[in-house]
Each structure stands twice: as C-alpha cells, then as structure tokens.
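Read the structure below first, then the notes.
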Amino acid sequence: MLLPTFGSSQNQGQMEPTEIINSLAEDREAYFGAVAPPIIQTSNFAFRTVREMREAIGGEFIKHVYSRGNNPTVEILRKKMAALEHAGDCLITSSGCTAITLAVMANLRAGDHAVCVERCYSWTRHLFTEILPGFGITADFVDGYDTMALKKAILPNTRLIYLESPTSWTFGIQDMRAVAALARKQGIITVTDNSYCTPLNQNPLDMGIDIVVHSASKYLSGHSDVVAGVLCGSEEMVARIFRSEYMTFGGIPSPFDAWLMLRGLRTLEVRLERSTSSAKQLIAFLEQHPAVERIIYPFHESHPGHSLARRQMRDGSGLFSVILRTDDPLAVERFCERLRHFLLAVSWGGHESLVLPAVGLPATHSDSGHGLPLNMVRIYAGLEDPALLRADLEQALEEIGMKYV
Ligand SMILES: *Cc1c(COP(=O)(O)O)cnc(C)c1O
C-alpha cells in the first residue's frame, strides 16, 4: 500500500508501511530464522561484567536491563510504531489511557493550564477534570472545530493543548496544522489521540503535533484480545518521558501482549481496508433508510468537518454513528437487542461488528453526563461479510421505522 505523504516529516526517507510491518526491527537470523518474532518472556537480563552492567543501567532507554523499561519483544513493536507514525521514537504502554496519562502528566506541573477538545475520550476527560486539579493543574474544554475559540481559551499559563481528531462518538475534527502552528509560537505542547485513524490514515507529527497517542486496543492489535497503548514523539521527548514517568509509573505491557500486538499489526492494512469499505457500504444503505435520520462519519458529505477531514486524513475508518428517527429510547434498545450479528459492546477495531447505543451509557458517564442524544448509536463495521451485516441492520431497523415507512 502506497501512502501519500503530507507536509514535511521528521523522518525523511521513510519506509512503506508494508515494509515496516513485515521486516523493520526483525533480526530473524538472531532467532533461528523464525518468521514470527520471539516472545522474550523475562523480567531481567544478565551481564558478563560489572562494566557492561553499569553501562546498561546508565543507558536503559535503549539497553536491556529490566522489562519495566525495555524488553526485546516490546522493542520490535516500539520500532515499528515509531516508523509508522514518522516519529523519532515511541513508547509502548499497557493501555491507551497509560499513554494519554504519560503524555499529559510529563508536560504539566502545578500552576499550569491545559486546553482540551470537547467530547474527547471519557477517561481523558476524567484525567483533566478529576485527577489533575488535585495536583494544581486546571483545564478548559473547547469546541475543536473552531480554532479561534481554541486560541481564545489559551491563558498565560497554558502549557498543553490536547486534541482528538476525530473524536470517537461524534467524530469532531480539529485543524491540526493550524493548532500546532499557534501552539508552537507560544511554546505550548500539543498532544493528539490518533486511535480512530491509525498511522495508516493520519500522521499528526507531520502536521506539527508534538505527541501522538493511541489506544492499541482498537485497530492496532485488532482482535479484541489486548489492552495496550502507544506514545510517539521526537526522540528527545520520548527519552525524557521514558527516564521519568514511564519508568516510575510502570506502564509497559507484558512481552506476550506486545507479541499479540505484533501479530495484529501484520494484518492492519487489510483489516483497516475491509472495515472501512464495509462501513461505507453500510452507510450507503443506512443513509437512504427511512428509519435513519442522520449519519455521522468524517468522510460523509453531511459532516461539518468533511473537507478538513479530507485534507488531513487519508480515509475514514470502520466506525461511525447514526441518529435513528425515533424519540423512543426503548425502540433504540429493541433495535440493538434484535441485531443477531452485531454485538452490544464497547471498544472497536476487532473482527466482530459492534453497536454501542447512547442509551447503553449511564447518565453519569463522563463526569458531566455524556450529553449524547438518546437516539444515537455508534456502529463498528468489523471484518464479516458486509452483505450479512447489512441484512442484520435491515431486519433490526424494523423496530424503529415501522410507522414512518
Ligand atoms: C479506547 C480509547 C482510549 C483508551 O484506550 P485504552 O486502550 O482502552 O486504555 C483512548 N482514546 C480513544 C479514542 C479510544 O477509543
């Protein structure tokens, strides 16, 4: 798969994603020519001499000392993810939330202020509203479509701007090039959650963003069997976070989970392609269905961020939301429960197609209440036969549409 490149990259002479995924950082001769990478399930590493030991402990960012810092299986993944995101380096974490917490806490101190995009991931919001105030850090939330509103929210003590483009329920888009440029001028660090796009569909570092975080629990690992995360940035930024917060908070995944991610990454290109193409087929069916009021998808013409999405993303993905034409939350519940193939579950990015209705969230979700319309359902198109998925939606929509048809 050949990807168009956007803007200047930190890492000229990049490898193609296919090559990164297949061979980068895989020293097969060192492990019997094995095609699949090894799981080095060890907590610690032995040295022949005291001098070697001293040097390794002094250079733990790249040396093998103890698996809370660096482990050979995790390191293969680390090198691949850094290359895929056009980053100087990266850290693999035990969850997306660990990556988010590291990126944010490593760059804020008591007295600092952050600006965060409205409708970001719920636990990101919790970090800013519930945890950081206890450390003397404040935050304001702004509508990310409006770069001017974001600019106005910047205070003299603002040190960090947190973006998520697109957000994962309403798919709000932020102009990353514009935000990065205005933040740079004022010495403010920018962080973006890139879980929706994966590095195949968007590379925020190329647009001037300082740190990219991912929930690898979604598309990157891709099989609904791992919780993990990724943090990417310049080598200097990543080394600083490694030597302090990463080693202290202890958020590295196990070698086995890193191996599952490596296995998932091998098929990322085909999985993302299939999921995206199925989502587009389902959207084409749903948008003309009388029981569907509106589609919310960044690559749909009706989306307010559509043209901006096309400028900074290579494609949409397999996740979108629909507003059903009903004011009866029980009809939405019946629709979800009548689906035979789509599972009712949080998360996305695996083999299985999923639905997550707003009525499935408790009213208290995300601190201030989720604020989503109760006739909204988030749909993830998985890897199954799209004709089967379409037929399933069609039969379940009978719960909504009868009186309108
Ligand atoms: C799932 C998710 C997270 C959190 O990641 P975990 O791996 O579950 O900790 C963060 N951001 C987005 C957009 C997500 O979808």
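Counting starts at 1 for both ligands and their atoms, in listed order.
- Looking only at protein heavy atoms, the nearest one to atom 4 (C) of ligand 1 is Tyr121 CE2, 3.3 Å.
- In terms of polar-atom proximity, Val227 is not counted as a contact of ligand 1, lacking any N or O under 3.5 Å from an N or O of the ligand.
- Heavy-atom distances between Trp348 and ligand 1 reach below 4.0 Å in at least one pair.
- For Arg378 and Trp169, the positive end sits near the middle of the six-membered ring, less than 6.0 Å away and at most 45° from its axis.
- A cation-pi arrangement, defined by a distance under 6.0 Å to the six-membered ring centre and an angle within 45 degrees of its axis, is absent between Arg294 and Phe320.
- With a 4.5 Å cut-off on side-chain heavy atoms, Val213 and Val230 do not count as touching.
- Side-chain N/O atoms of Asn70 and Glu60 include no donor and acceptor closer than 3.5 Å.
- Within ligand 1, counting atoms from 1 as listed, the ones closer than 4.0 Å to a heavy atom of Cys97 are 4 (C), 5 (O), 6 (P), 9 (O).
- When Gly349, Ser94, Ser347, Gly96 are ranked by how near their heavy atoms come to atom 6 (P) of ligand 1, first place goes to Gly96.
- Applying the 4.0 Å criterion to heavy atoms of Ala228 picks out, from ligand 1, the atoms 7 (O).
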Original post:
Yes or no on side-chain contact (heavy atoms from CB on, under 4.5 Å) for His113 and Arg159, after CA distance, side-chain angles and deciding distance?
Top reply: CA-CA 6 Å; His113 172 259; Arg159 293 280 167 272; over 6 Å; no
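- With ligand atoms numbered from 1 in the order given, ligand 1 contributes 6 (P), 7 (O) to contacts under 4.0 Å with heavy atoms of Ser217.
- Interatomic distance, NE2 of His223 versus CD of Glu352, reported as 9.0 Å (0.5 Å rounding).
- Taking 4.0 Å as the cut-off, Ile100 counts as a neighbour of ligand 1 on heavy-atom distance.
- A cation-pi contact, defined as under 6.0 Å to the ring centre and within 45° of the axis, is absent between Arg271 and Tyr219.
- Checking only distances, Ser215 does come within under 3.5 Å of ligand 1, N or O to N or O.
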Original post:
Please walk me through it: do Asn71 and Gln41 pass side chain to side chain donor-acceptor pair (under 3.5 Å)?
Top reply: CA-CA 9 Å; Asn71 170 280; Gln41 189 77 34; over 6 Å; no
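- Of all atoms in ligand 1, listed by their number and element, those nearer than 4.0 Å to a heavy atom of Asp193 are 10 (C), 11 (N), 12 (C), 13 (C).
- Scanning all protein heavy atoms for the shortest distance to atom 2 (C) of ligand 1 gives Lys218 NZ, 2.5 Å.
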